[in-house]
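Sequence lines set the chain letters: A, B, ... in the order given, protein chains first and strands last, and positions in each chain run from 1. All of these numbers come straight from a predicted model, not from anything done at the bench.
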Protein chains: 2
Amino acid sequence: MQQRMLEAMLPADLAERPVRWQQQKSARTRQRLVESAIDCLVEGGFTGLTTQQAAERSGVSRGAMHHHFATRMDLAAAVVDHVFYRRMELFLDDYLGTVVGANDGDLLEFGTAAHWRSVQTREYAAYVELAVAARTDAELNRVFEPAARRYDEVWITEMIESFPQWQSRWDKMKLVNDLVIATHMGLLLNRQVMGEDRIAQVGKLLTRVVGMLYEE
Amino acid sequence: MQQRMLEAMLPADLAERPVRWQQQKSARTRQRLVESAIDCLVEGGFTGLTTQQAAERSGVSRGAMHHHFATRMDLAAAVVDHVFYRRMELFLDDYLGTVVGANDGDLLEFGTAAHWRSVQTREYAAYVELAVAARTDAELNRVFEPAARRYDEVWITEMIESFPQWQSRWDKMKLVNDLVIATHMGLLLNRQVMGEDRIAQVGKLLTRVVGMLYEE
DNA sequence: GTCAAAACAGGCAGTTATGCCGGTTTCTTC
DNA sequence: GAAGAAACCGGCATAACTGCCTGTTTTGAC
């Protein structure tokens, strides 16, 4: 499962196995820029993602940066791909590690818990900023939406192929999946207002709900 | 219920019952500016909320705007108050209208449905933009967070006073309340990716879950 | 009617980011 | 090792906002 899903999401950044040194160098500075851009996103939202900041933070000159990413949106696009890839990777790393030897009925609850953990990461925070900004920034949306749809399709396809034993309940499982994704994102955004305690409790409640829906 | 809750949230904008004409005039232009600012938010996110745009859209001169709101953040603060007030008002208008004559067991599900409708409004869209921006904008957060907490406290207090029959299950009801709020926000943000159908189905599922949690 | 205060108007300097461009250094190829 | 390509550098003009400031008009109190 993990190989196929990750391969399908692999961004240009990490795809190349560089043989020539210039390619390595190029890839390295691109990665540094993307990482800095993610820092910008996390700290300042999509507004805070500026070419200046990204260059300065990564120690790359503005000229070099412009060589790799001609415009701000080019950089943002690279970040989008990177973040989607990492979003899936982070979840899979956790989930596949906890799921070994679990019986069928627990898979969903383990998956929910792993998803909640994967959501509390720097990369997911960046993803949230992009997702929100894409709603009001047409140009970003042209980059973000296709990537999001691709991610979603890959996810669903693999879920169906990986759990043939749930064939009769795929529709419900997909629905539960969507519920978990939506609720976790909502919890993240309400964290500051609700506070850690309530957030954690709702998280546990959701896991229990997932169990209930599986049982029924 | 509705009076107390709304009174507690009443923003400066609408609080005054103007007797002198200058006050009326002043209040009117302030309202026009706030409304335009909300349009800015909805269309361009917090980034798109600029003093220039707000002034231009409302037909108010930059000078006049500066007279009422010295800085961009002053305008944003007025929008925050306005949006929180309207958020509660929109919900109550809907909820109190649908709830008449309902039996106790249906109140939660009616409330959930009403909340889902209240969330699909221009005002709530503006609220979401503010909530997200406040996470990465310290200055905005200083305005937003207190307002959000006040809203939350008023909400909880009134819920407890309004439903004394649920005394033994307040903790659970508060939890369910948080779950609904978080999930609805998450659904909104995933609307474009998931599409209307899935969103609607998850919404229905959530309503059903709320019913299940009440029954148990 | 007059005078102060409130509401309104629009210009100005300063900041910050953007995209582009001419020039330099570092690799790669032959 | 020389030519060409790729990576890198920092300056420049431009654009969008912001906050402030000097006036002008409209209201309201006496």
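- Rounding to whole angstrom units, CE of residue A/Met73 and C1' of C/dT18 are separated by 12 Å.
- At D/dC8, none of the side-chain N or O atoms of A/His67 fall inside 4.0 Å of OP1 or OP2 (strictly under the cut-off).
- If you measure from atom CZ of A/Arg72 to atom P of C/dG19, you get 8 Å, rounded to the nearest angstrom.
- Judged purely by atom type and a 3.5 angstrom limit, B/Asp93 has no side-chain atom pairing as donor or acceptor with the backbone of B/Leu90.
- Salt bridge A/Arg86/A/Glu89: present, at least one basic N to carboxylate O contact under 4.0 Å.
- Atom CZ of B/Arg30 is separated from atom C1' of C/dA6 by 13 Å (rounded to the nearest Å).
- One atom, NE2 of B/His66, and another, P of D/dG23, lie 17 Å apart when rounded to the nearest Å.
- As a whole-Å value, the separation of B/Glu139 CD from D/dT18 P is 12 Å.
- The side chain of B/Ala64 lies closest to C/dC8, out of C/dG19, C/dC8, C/dT18.
- One finds no side-chain N or O of B/Ser61 lying less than 4.0 angstrom from the OP1 or OP2 phosphate oxygen of C/dG10.
- The pair B/Glu139-B/Arg72 does not meet the salt-bridge criterion, since no charged nitrogen lies less than 4.0 angstrom from a carboxylate oxygen.
- Separating the CD atom of A/Gln52 from the P atom of D/dA16 is a distance of 17 Å, rounded to the nearest angstrom.
- C/dG10 atom C1' lies 9 Å from atom CZ of B/Arg62, rounded to whole Å.
- Applying the 4.0 Å criterion to OP1 and OP2 of C/dC8, one finds that B/His68 has a side-chain N or O inside that range.
- Contact annotation: A/Ser26 side-chain N/O to D/dA7 OP1/OP2 distance is under 4.0 Å.
- Between A/Thr50 and the phosphate of C/dT16, there is no side-chain N or O to OP1/OP2 separation shorter than 4.0 Å.
- For the pair B/Thr29 and C/dA7, the criterion of a side-chain N or O lying under 4.0 Å from OP1 or OP2 is not met.
- Below 30°, between 30° and 60°, or above 60°: for B/His184 and B/Trp116 the angle between ring planes is between 30° and 60°, a tilted geometry.
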